[in-house]
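Residues take their numbers from the sequence shown, with the count starting at 1. Atoms considered below: every heavy atom in the structure, side chains included; atoms not considered: hydrogens, waters and symmetry mates.
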Amino acid sequence: MDHANKYEFADITWYPSKYTAVYRYDFRAPLNASGDGVFDFIGFQANSIFIAKVVRGAEKLLEITGFSKVKCSTASLSLAFRKLTANGLKNNGLFSTGYPVIGYQGRMQTSGSCLYSSTIFKSCAWDPRIKGLFFYESTAIFPASKFGDFIKDVKKLRDINPQNFCGIDNYNGIMIRYIKASEAYLGPSEDSIVIDFNYYRANDQFAPRLNQDVWEELEQMAFFKYGAKPHWAKNRNLAFLNVQQKYPKFNAFIDAKKQMDPENVFSGDWSDEILYGKELVKFDGCALEGMCICSEDRHCSPQKGYLCTHGLVYKEARVCRLLSTSVNTDSL
């Protein structure tokens, strides 16, 4: 919290498998300060379509073979590259020449140059037309008072086998940011800390993933043990279970919603499932896509060795863990 209070745009990127945290010291500068810096975040830069496909293919291969050690090696390379390139901070709009990087708000607090690629051979790495990256993103909003205990639990889970966390360190680790308390109906009622983390998603919704139980336990630990609020656009369905109970002004929001949209034009079955935190009817494999929390083996992938069991640190969690080595992973 000291970091948050000292720097107006502070954040932390935590790479759990590497025991590394990157602190961002970012604050306002006078208008007459010299500098034409820009933050062109590495993950949002235009990439070669060929490279994006190769990276995805390699990711799928590592998932199929279960080579966590190789994932850890690529995570180390990714972290080294981010450090070398200042994660996309550029002093003159072209490249990094060291710190500090000074620029206007609109160029320092926004990013996304992949949207403006001038060649047909480059694109955003996740562009669905090119069969590039395909991943989940989970985002949880914690009351500041509970965040320290959550981090301690994550460290316990990490320390069981640090290699299990290399999957998210290949992306952007765990991004930690801060938001102030809000009077908005669906805003945080107290100063809060937000985490984001991305992780591999299979092309087939019924295909289990390497170390999938770790990410499920992390999810459930955040949303159910520590009562984190979900980001409304960056989560799997299970994160919204009973979400209305987390907002003291939820009923006021519903009243306002009915007043603004009496015909329910901007709502549907899917949005109502999320908004009201309804649990759907469970089906075979529903936990693999986060459509449910498993309570039976069939909600996972028993035919591929993934069975429903308890969490390692958060025992109340129910996760799909690989408990048999005779696994068919062709559909990954």
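Side-chain atoms of Glu137 do not come within 3.5 Å of backbone N or O of Asp196 as any donor-acceptor pair. Side-chain atoms of Lys131 do not come within 3.5 Å of backbone N or O of Pro128 as any donor-acceptor pair. Between the side chain of Gln205 and the backbone N or O of Leu288 there is no donor-acceptor pair closer than 3.5 Å. Judged by distance alone, the side chain of Asp169 and the main-chain N or O of Ala75 form no donor-acceptor pair under 3.5 Å. A distance-only check finds a donor-acceptor pair linking the side chain of Asn235 to the backbone of Thr139 [under 3.5 Å]. The main-chain N or O of His3 is never found under 3.5 Å from a side-chain atom of Tyr178 such that the two would form a donor-acceptor pair. Not one N or O on the side chain of Asp255 forms a donor-acceptor pair closer than 3.5 Å with the backbone of Lys258. No donor-acceptor pair closer than 3.5 Å links the side chain of Arg158 to the backbone N or O of Asn164. Looking at Asp261, its side chain does come within 3.5 Å of a backbone N or O of Phe266 through a donor-acceptor pair. At least one donor-acceptor pair under 3.5 Å links the side chain of Lys18 to the backbone N or O of Cys72.
Relative ring orientation between Tyr25 and Tyr23 is described as parallel, the plane-to-plane angle staying below 30° on a 0-90° scale split at 30° and 60°. Below 30°, between 30° and 60°, or above 60°: for Phe142 and Phe147 the angle between ring planes is above 60°, a perpendicular geometry.
With 2.5 angstrom as the limit on SG-SG distance, Cys286 and Cys294 do not come in below it. Disulfide criterion (SG-SG under 2.5 Å) for Cys320 and Cys300: met.
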(message) Quick one, Lys249 with Glu183, criterion salt bridge (Lys or Arg N to Asp or Glu O under 4.0 Å). Give me CA distance, side-chain angles, the key distance, then yes/no.
(response) CA-CA 9 Å; Lys249 298 180 181 179; Glu183 293 296 322; 3.1 Å; yes
(request) Show the numbers, then the answer: is there a side-chain hydrogen bond (donor to acceptor under 3.5 Å, both in side chains) between Asp26 and Gln109? (result) CA-CA 10 Å; Asp26 196 344; Gln109 293 296 326; 3.1 Å; yes
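Distance CG/Asp40 to NZ/Lys90: 4.0 Å, rounded to 0.5 Å. The distance from atom CG of Leu89 to atom OH of Tyr99, rounded to the nearest 0.5 Å, is 5.5 Å. If you take CD1 on Ile179 and CD1 on Ile141, they are separated by 4.5 Å, rounding to the nearest 0.5 Å. Rounding to the nearest 0.5 angstrom, the gap separating the CD1 atom in Ile174 from the CD1 atom in Ile195 is 5.5 Å. Here the straight-line distance linking atom CG of Leu280 with atom CG of Asp269 works out to 10.0 Å at 0.5 Å rounding. We find the CZ-CZ distance between Phe121 and Phe50 to be 13.0 Å, quoted to the nearest 0.5 Å.
For the residue pair Lys229 / Ser192, no side-chain donor-acceptor distance below 3.5 Å is found, with atom types taken as modelled.
Between Asp191 and Ala181, the shortest heavy-atom distance links the atoms OD1-N, 2.9 Å. Ala287 and Cys292 make their closest contact through N-SG, 3.3 Å (heavy atoms, listed as atom of the first residue, atom of the second, distance).
Each of Trp215 and Phe135 belongs to its own hydrophobic cluster when Ile, Leu, Val, Met, Phe, Trp and Tyr are linked at side-chain heavy-atom distances under 4.5 angstrom. Two different hydrophobic clusters hold Phe250 and Leu241 under the rule that ILVMFWY side chains link at heavy-atom gaps under 4.5 Å.
Geometric assessment of Arg209 against the ring of Tyr199 yields a negative cation-pi assignment under the 6.0 Å and 45° thresholds. Cation-pi check for Arg24 over Phe39 is met; the charged atom lies under 6.0 angstrom from the ring centroid and within 45 degrees of its normal.
Tested against Glu63, the residues Lys71, Lys304, Arg56 include a single salt bridge (Lys or Arg N to Asp or Glu O under 4.0 Å) partner, Lys71.
The ring of Tyr247 has its center no closer than 6.0 angstrom to the ring center of Phe253. Taking the six-membered ring for Trp and the full ring otherwise, Trp14 and Tyr19 have centroids separated by 6.0 Å or more.
Using a cut-off of 4.0 Å between Lys/Arg side-chain N and Asp/Glu carboxylate O, Arg28 and Glu8 are scored as salt-bridged.
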